[in-house]
Amino acid sequence: MSNRITAIRGFNDILPPESRVLSHIEYTAIEVFTSYGFSEMRLPVVEKTELFSRTLGETTDIVEKQMYTFSDLSGTPLTLRPEGTAGVVRAYIEHALYTKAPIHRLFYRGPMFRYERPQKGRYRQFYQVGVEVLGDEGPFVDAELMEMLSVILERVGVKGAVFEINSLGCPGCRQPFRQRLGGFLEELKERLCGDCTRRMERNPLRALDCKNPTCRELTTNAPDIYDYICEGCSAHFDGLRAALDGFGVPHRVNHRMVRGLDYYTRTAFEAVVDSPRLGAQNTIAAGGRYDGLVKELGGPQTPCFGFAIGMERVALLVDRSLIGEEPLFYLIPLGTEPQQRAAGLASAMRMAGMRCMMETKRGASLKSAMKRADRLGAAYVLLLGEDEMKERSLTVRNMTDGTQRRLPLDTFIEELRQGLP
RNA sequence: GUGGGCGUAGCUCAGUGGUUAGAGCACUGGACUGUGGCUCCAGGGGUCGGGGGUUCGAAUCCCCUCGCCCACCCCA
């Protein structure tokens, strides 16, 4: 047992029935995305390391210590994608999509990888579905996409999500603010917690997000980004709030919210849920605007907005009773002649869109076959034995209430589909 | 990277120095030879996470190690 090969830390096998929850979220999200005009982009899971180190920021945690980086046999440094946006932008430029339409609405899905210590709602391989709008400067789309996200959450039964929004300004106005904030923190250096003194150099904005009560106290009078952002950014943020009101999306301004990636500009947001089911986590989806990224990667200046949903986190909150399942029909043939006949019947049922399984164990007793049907959660058992064959019929047993009736072989599919007994 | 909790059957766990390590659930079969769930009976299944030590004797005590979970950090 101990020398068996197991999956590696933070890489989980997602088995039924849990896998169904993930599929349900993904399916729902894609359906909603599609209704908002998004199309799928299928992207590689591995990219050149440089793509991430350049776009996410050299000093971000992800780039510094969370990337799965390795060299392939040719010696090229590669990285398992830690997030989706960089790849989308890379592909957008590589295929010159900006020459094909002024605005693109794209979505992606799949696993992301970050080397972190796993805990509830956080894994080394985790799944996201995300969207990106490229070529629209907002702020109306920003709000539209948040509204789209709220629709998805509502459909999968996640209650109590709050949208926290903030403006991070643009490179022009963020720089002075950062400096001013750096100076402010410098003076408090001795009294701030260890984490915050470390944050000061790397990313001073993070200190604003510290949970330590002393730090919170000390930073109550910290400079507010609102006093620094330029007119354009300020108008954009006001526009966003108005648009959110227009869409009826409840939101909360959080001037201290910070994003972990450097490429964000202006709008940043998080969908936050306060629930013990999420463990220490509270963000289930997040995103924002990245108006400078396309240009930085060699494309034309292109304003963009996007977000990603953390599927495992949403899975912790979904209302599982909303995940419906088609009834399962379990076909049990008894004897050689019925067995030969059964394959055709099962095939016809499946063709008609019904979910059907057959007892495949040869010579199994009816009792054990019934037991298997029960365990598989069959809604109905279809019994085909010598008696039935003689009168060209089928015994249908309702596994919930135990009632049975005979239906003719020629018409039973029709009858079952019309009204389930 | 740091801290805490936990590793005994497929799962949930009992057993804290003394025969051959147990229970419930699950699995297979039977009672009930064409009828599941409830009941009863039987059966299969264990390097007690791994290694070392103490002891006449270790699942149990000591040391080391690996793994899982949770939290910090950070994030989806």
Side-chain angles (χ1 to χ4, degrees), chain A residues 1-10 12 15 25 56 60-66 81-85 109-130 149 193-196 198-199 202-203 206 209-212 257-261 269-273 276 278-287 306-317 330 332-335 338 359 361 363-389 395-404:
Chain A
M1 189 157 108
S2 58
N3 62 359
R4 273 198 221 151
I5 298 171
T6 57
I8 56 184
R9 169 178 293 168
N12 301 125
L15 312 174
I25 296 166
L56 308 185
T60 55
D61 273 31
I62 292 182
V63 172
E64 279 193 340
K65 47 188 193 192
Q66 297 181 350
R81 63 179 181 192
E83 60 100 48
T85 301
R109 54 172 146 167
M112 305 294 162
F113 305 86
R114 292 183 199 172
Y115 187 89
E116 303 177 87
R117 287 293 284 268
Q119 65 185 66
K120 200 175 190 67
R122 200 180 72 181
Y123 313 100
R124 290 183 173 181
Q125 174 173 329
F126 59 101
Y127 293 84
Q128 290 189 336
V129 277
L149 173 56
C193 71
D195 287 330
C196 280
R198 241 170 290 127
R199 287 176 181 125
R202 291 254 212 85
N203 187 351
R206 287 230 160 280
D209 215 20
C210 187
K211 286 166 199 120
N212 183 315
M257 189 182 70
V258 177
R259 306 273 60 232
L261 312 175
F269 86 96
E270 289 182 354
V272 172
V273 176
L278 282 174
Q281 265 58 245
N282 59 10
T283 306
I284 57 173
F307 70 80
I309 300 173
M311 300 233 293
E312 291 88 343
R313 291 190 183 175
V314 173
L316 293 169
L317 300 172
Y330 196 83
I332 304 176
L334 292 171
E359 172 65 34
K361 191 168 176 180
S365 67
L366 175 57
K367 184 182 175 59
S368 64
M370 286 293 291
K371 215 164 181 169
R372 267 188 286 280
D374 188 45
R375 299 223 53 94
L376 286 164
Y380 300 91
V381 159
L382 308 181
L383 196 56
L384 185 63
E386 303 299 343
D387 298 352
E388 285 85 354
M389 288 296 277
T395 297
V396 178
R397 180 180 179 87
N398 180 326
M399 293 297 274
T400 313
D401 59 22
T403 56
Q404 296 193 173

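Nothing here was measured: the structure is a model prediction, and the numbers come from that model. Chain naming here is simple, since letters A, B, ... match the order of the sequence lines and numbering starts at 1 in each.
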Review point. Should A:Arg375 be listed as having a side-chain N or O under 4.0 Å from OP1 or OP2 of B:G37?
Key: no

**Study point:** Rounded distance (Å) that lies between atom P of B:A76 and atom CZ of A:Arg81
**Key:** 15 Å

Review point. A:Lys65 has an atom NZ; how far is it from atom P of B:C74, in whole Å?
Key: 8 Å

Review point. How would you label the contact of A:Ala373 with the nucleic acid (heavy atoms, under 4.0 Å): base, sugar-phosphate, or nothing?
Key: nothing

Review point. So what does A:Gly287 hit on the nucleic acid, given a heavy-atom distance under 4.0 Å: a base, only sugar-phosphate, or nothing?
Key: nothing

Check your understanding: So what does A:Gly279 touch, heavy atoms closer than 4.0 Å: a base, only the sugar-phosphate, or nothing?
Key -> sugar-phosphate

Review point. Could one point to a donor on the side chain of A:Arg9 or the base of B:G67 with an acceptor on the other under 3.5 Å away?
Key: no

Point to revise | Nucleotide of B:G36, B:G34, B:U2 approaching A:Arg397 most closely (side-chain heavy atoms) | key: B:G36

Practice item. Please determine, for the side chain of A:Asp61, which listed nucleotide (B:A31, B:G34, B:C74) has the closest atom? Key: B:C74

Review point. What nucleic acid atoms does A:Ile62 come within less than 4.0 Å of, heavy atoms only: base, sugar-phosphate, or nothing?
Key: nothing

Exercise for review: Spell out yes or no: do the side chain of A:Gln119 and the base of B:C74 have one donor N/O and one acceptor N/O closer than 3.5 Å?
Suggested key: no

Practice item. Could you verify whether a donor N or O on one side chain and an acceptor N or O on the other, from A:Glu359 and A:Tyr330, lie under 3.5 Å apart? Key: yes

Point to revise | Atom-pair distance (CG on A:Asp374; P on B:U28), nearest Å | key: 12 Å

Check your understanding: Less than 3.5 Å between a donor and an acceptor, one on the side chain of A:Arg122 and one on the base of B:C70, is that the case here?
Key -> no

Practice item. For A:Gln66, answer base if it contacts any base atom (sugar-phosphate contacts may also be present), sugar-phosphate if it contacts only those atoms, and nothing otherwise; contact means non-hydrogen atoms under 4.0 Å. Key: sugar-phosphate

Point to revise | A:Arg117 side-chain N/O to B:G3 phosphate OP1/OP2 under 4.0 Å | key: no

Review point. For RNA chain B, whose closest nucleotide is more 5', that of A:Thr395 or that of A:Lys120?
Key: A:Thr395

Review point. Nearest-Å distance, NZ (A:Lys367) to P (B:G30)?
Key: 8 Å

Review point. Can you tell me how far C1' of B:A76 sits from CZ of A:Arg124, to the nearest Å?
Key: 16 Å

Check your understanding: Just checking A:Thr400: base, sugar-phosphate only, or nothing, at a heavy-atom cut-off of under 4.0 Å?
Key -> base

Review point. With a non-hydrogen cut-off below 4.0 angstrom, is A:Tyr123 in contact with a base, only sugar-phosphate, or nothing?
Key: base

Exercise for review: Please work out if A:Gln404 contacts a base, only the sugar-phosphate, or nothing of the nucleic acid, heavy-atom cut-off 4.0 Å.
Suggested key: base

Review point. Which part of the nucleic acid, if any, lies within reach of A:Gln125 when heavy atoms closer than 4.0 Å are counted: base, sugar-phosphate only, or nothing?
Key: nothing

